[in-house]
Amino acid sequence: MIHEDHHHHHEEHECHCHEHGHEHEHAHEHHHHEEGEAKESIIKIALATVLLVAAVIIEKRTDWPTWAYLLLYLIPYLIVGWETLKEAGEALLHGEALDENFLMSVATLGALGIGFMPGAETQFPEAVFVMLFFQVGELFEGIAEGRSRKSIAHLMDIRPDTAHVERNGVLETVAPEAVRLGETILVRPGEKVPMDGVVLEGDSSLDTVALTGESVPRSVHAGDGILSGCVNLSGVLKVRTTKAFGESTAAKILDLVENAAEHKSRSESFITRFAKIYTPIVVGLAVLLAIVPSLVTGEWATWIYRALMFLVVSCPCALVISVPLTFFGGIGGASRKGILVKGSNFLDTLSRVKTVVFDKTGTLTEGVFEVTAVHPELIDEEELLHLAAHVERHSTHPIAAALRNAYPNEQDDCSVTDIRETAGHGVIATVNGRRIAVGNEKLMSAEGAASHPCERQGTIVHVAIDGTYAGHIVISDRVKADAAEAVGALHGAGVRNTVMLTGDQPEIAAAVAASVGVDAFHAGLLPADKVARVEALLSDGTLAFVGDGINDAPVLARADLGIAMGALGSDAAIEAADVVLMDDKPSKVAEAVRIARRTLAIARENMIFAIGVKVLVLILAAFGLATLWMAVFADVGVTVLAVLNAMRALRV
C-alpha cells in the first residue's frame with residue numbers, strides 16, 4: 001500500500017535495536033499486520049462495490065432530493081476513501097507537498113460537489129468509482145510487497161542467541177542479556193560468541209567473516225581477546241566476559257545500523273513523486289478556470305462547474321490502478337527470479353542506481369577456501385599435497401579442510417604418527433618415519449628450513465621434510481564464477497561506477513579487484529569505515545551496496561539501496577537490506593537493475609498514454625464538446641489498456 005510506505009520504513013528499521021530473538025518476533029507481528037491489512041482492504045472494496053451498485057439502482061428507481069442521494073453514496077465512498085481523506089488532511093496540516101492522497105480527495109470531492117451546482121448532473125457514482133479504483137491499485141501493490149516480505153522471513157536464519165554460563169560449578173544456559181560482567185562463559189565449536197571477552201582456556205580458530213570480512217580464520221589461545229558475533233570453529237573455549245551484552249561488538253554494529261537507517265533519505269514511491277508535480281498543476285489550473293472567466297463574464301456557476309469537471313476529468317484514474325499494478329508485476333517477476341524487493345519504492349530506486357559498491361567476502365568471493373596453487377621443491381605436486389593432507393588429517397582448521405579436499409584419497413598405506421598441532425603455527429607429524437612440518441613461516445624457521453616468499457595472493461602453507469624446505473601450497477578464497485560477468489553486466493546496464501570494499505588485506509583485495517574488474521577498491525576497513533566510504537560516494541548519484549555479513553548491515557542501511565545476499569547472509573544484513581538475492585550470485589544485481597528499469601519504463605508509458613488522453617478530453621471539455629461520461633469512458637478505456645500494459649511487467 002503506497003500510503004503505508006512511510007510507516008514501513010520505520011517498522012523495518014526499528015527491528016535492529018532488539019537482538020535476533022526479538023527481531024524475529026517483531027518480523028512476525030509485521031506479517032500478521034500486513035496480512036490483516038490486505039484482508040481488511042479486500043473486505044472494504046467488496047463492501048463498497050456492493051453498496052455502490054445498490055445506490056445506482058436506487059437512484060435509477062426513485063426520485064429523492066439531491067442531498068439524500070449524496071448521503072446514500074457517501075456510505076461506500078467513506079468506506080473505501082476514509083483512510084485516503086485522512087492521509088490527505090494530515091499531509092496538508094503538516095504542510096507537506098500535495099501527494100496522491102490529496103489528488104484523489106480533491107477530484108472525488110469535486111465530483112460529489114458538482115451535483116449541487118445549478119443545472120448540473122450529479123456525478124456521485126464517479127466519485128465512489130474513482131476512489132474504489134485507487135484502493136484496488138494499492139491493494140495489488142500491497143500484496144506483492146507482502147509476498148516479498150514473507151519470502152524474506154523464510155530466509156532469516158533464526159538462531160537463538162544463548163550463552164552457557166558457569167555458575168557455582170554448574171553450566172546454565174541463559175539469554176546473553178542475563179550474563180554479568182566478569183562471569184565465565186563456555187563457547188562450544190560451531191556456536192556464536194555471545195559477548196566480548198578474554199579467553200581463559202582453550203585453543204580454537206574463529207570465523208570473523210561476519211564482523212571484519214577477513215576471510216582467513218583467526219586462531220585464539222588463552223589470554224587473547226575475543227569479539228561477539230564471531231563463530232567458534234574448532235575448540236571449546238572458556239571466556240571471561242569483559243563487556244556487557246549491550247556493549248558488545250555485535251550490539252554496537254546493530255546500533256550503527258539504527259543510526260544509518262535514520263540518515264537514509266526515504267525513497268519515495270513513483271506515484272508519490274508523480275503526484276507531487278501533477279497535483280499542484282491540476283489544482284492551480286482548476287482554480288484559474290473557476291476565477292478568471294467568471295471575473296470576465298460574471299457567470300460564476302457555469303465556470304465553477306467547468307472547473308470542478310476539469311478536476312474530475314484530470315483525476316488520473318488509469319494511473320492510480322495501472323502504476324501499482326505495474327509494480328506488482330515487477331516485484332512478482334523479480335521474485336520469480338529469486339530477487340526479493342521489499343517495496344515498490346525500492347524498485348524505483350533500483351532503476352536509478354548509478355554506483356554499485358560490493359563487499360568482497362561472500363559477495364564477490366565464495367567465502368570458502370581452496371587450494372589455488374602448488375609450488376613444490378624436491379618432490380612433485382602430487383606428493384606435496386599428499387603429505388600436507390595427511391599431516392592435516394585431523395585438524396579442524398578450515399585451511400586443513402581445504403588441503404584435504406584437494407587431496408581426497410585417504411586410502412593409501414602411509415602411517416601418520418605423533419601429530420602435534422601448535423595453534424597459530426601449524427602441524428608437525430611423522431609420516432613413514434620422516435618428520436613433516438606443515439605451517440607458516442614461523443614454523444619453517446623453527447624447523448630451520450628456509451621458506452621462499454610467494455607472489456601469489458592468499459594464505460601460504462609451507463612444507464618441510466626433515467628440516468629441508470619442500471615447497472608451499474597457496475590457499476585462497478575463490479572469486480565467484482559470475483563475479484566478473486556481474487561487474488561487466490552492471491557497466492552494460494548503465495551503472496557508472498563499481499567499487500569494492502573489504503576488511504581484508506590490501507594485497508588480497510587488489511588481486512580480487514583486478515580479476516573482477518571493479519573500477520576501484522578500498523581494503524582494511526572496519527564496519528564504521530565502510531559507512532564513511534559509502535557516505536563519501538553517496539554524492540555521485542543513487543548508490544546501491546551489496547553485502548552479506550553483520551558488518552555490512554550498517555552500510556546496507558545507509559546506502560540509498562541495500563542489497564543482501566540471502567543464502568549466506570546474516571539475519572542482520574537481510575533485515576537491513578531493501579532487496580535480497582535468494583541465491584548468492586552477484587550477476588543477479590544487474591538483472592535486478594534491468595527488471596526495475598523495465599518496470600519503470602512500463603509505468604512511464606502508462607503515464608504518458610493516460611495523461612495524453614486526459615489532455616485531449618480536457619481540451620474538448622474546455623470548448624464544451626465533451627461530456628463527463630465521455631471523460632469517464634476515456635478514463636475507463638484508458639485504464640483497461642493501461643492495466644493490460646502493466647501486466648507485461650510480470651513477464652521477466
Side-chain angles (χ1 to χ4, degrees), residues 9 12-13 16 209-214 229 249-250 252-267 341-342 345-346 348-365 483 486-487 490-491 493-504 506 509-510 512-513 516 518-565 569-570 572-581 586 589-590 592-593 596:
H9 275 280
E12 270 169 37
H13 298 310
H16 303 294
V209 158
L211 288 179
T212 60
E214 237 337 324
T249 309
K252 280 274 194 314
I253 288 183
L254 290 171
D255 192 49
L256 260 177
V257 176
E258 282 274 76
N259 296 330
E262 282 168 25
H263 286 295
K264 182 176 185 170
S265 56
R266 268 186 255 143
S267 54
V341 183
K342 290 188 186 177
N345 46 337
F346 301 126
D348 185 18
T349 311
L350 196 54
S351 70
R352 291 179 284 139
V353 167
K354 286 286 173 279
T355 308
V356 177
V357 180
F358 291 97
D359 178 55
K360 179 181 78 72
T361 310
T363 305
L364 291 173
T365 64
V487 172
L490 280 171
H491 285 143
V495 171
R496 283 200 303 261
N497 193 12
T498 52
V499 183
M500 182 183 90
L501 303 182
T502 178
D504 236 337
V512 173
V516 172
V518 288
D519 299 326
F521 76 92
H522 303 284
L525 306 174
L526 290 168
D529 306 333
K530 289 189 185 178
V531 176
R533 284 277 172 207
V534 163
E535 291 195 324
L537 287 164
L538 277 172
S539 53
D540 303 346
T542 309
L543 180 142
F545 179 83
V546 191
D548 74 333
I550 298 181
N551 65 321
D552 299 331
V555 209
L556 285 165
R558 183 69 186 94
D560 294 315
L561 189 82
I563 303 175
M565 296 278 175
S570 75
I574 292 168
E575 262 294 335
D578 308 313
V579 177
V580 180
L581 308 178
V589 178
V593 171

>> What verdict does the salt bridge (Lys or Arg N to Asp or Glu O under 4.0 Å) test give for K530 and D359, after you've listed the backbone C-alpha separation in whole Å, the side-chain angles of each residue and the deciding distance to 0.1 Å?
In response: CA-CA 9 Å; K530 289 189 185 178; D359 178 55; 2.7 Å; yes
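No hydrogens or angles considered: a donor-acceptor pair under 3.5 Å links the side chains of D519 and H491.
Pairing each heavy atom of A553 with each of A576, the nearest pair is O-CB, 3.6 Å. The minimum heavy-atom distance between L556 and A573, with the atom names listed, is CD1-O, 3.5 Å. Heavy atoms only, all atoms of each residue included: V531 and P554 are closest at CG2-CB, 3.7 Å. Between P586 and L364, the shortest heavy-atom distance links the atoms CB-CD2, 4.5 Å. For the pair I574 and K342, the tightest heavy-atom approach, listed with the atom from each and the gap, is O-NZ, 2.9 Å. Scanning both residues, V487 and F358, for their nearest heavy atoms gives CG2-CE1, 4.2 Å.
Looking only at distances, a side-chain donor or acceptor of D578 sits under 3.5 Å from a matching main-chain atom of G562.
Under the 4.5 Å side-chain criterion, counting only non-hydrogen atoms from C-beta, V495 is not in contact with K354. At least one side-chain heavy atom of L501 sits less than 4.5 Å from a side-chain heavy atom of F545. The side-chain heavy atoms of T363 and T361, taken from C-beta on, include no pair separated by under 4.5 Å. Using a 4.5 Å cut-off on side-chain heavy atoms (C-beta onward), V512 and T365 make contact. Proximity of L581 to I563: side-chain heavy atoms (C-beta onward) are separated by under 4.5 Å at one or more points. A heavy-atom distance below 4.5 Å is not found between the side chains of L543 and V353. Looking only at side-chain heavy atoms (C-beta outward), N497 and L537 come within less than 4.5 Å of each other. Contact of the V499 side chain with the V518 side chain is not registered, since no non-hydrogen atoms from C-beta on lie closer than 4.5 Å.
Shown here are the side chain to side chain donor-acceptor pair (under 3.5 Å) partners of T355, two or more places apart in sequence or in another chain: there are none. Among residues two or more places apart in sequence or in another chain, the side chain to side chain contact (heavy atoms under 4.5 Å, CB included) test is passed with A509 by M500, T502, F521, A523. Annotation: side chain to side chain donor-acceptor pair (under 3.5 Å) contacts of D540 (sequence neighbours excluded): none.
Classification of D529 and R533 as a salt-bridged pair fails, no side-chain N sitting under 4.0 Å from a carboxylate O.
Rounding to the nearest 0.5 Å gives a distance of 13.5 Å between CZ of R496 and CG of L490.
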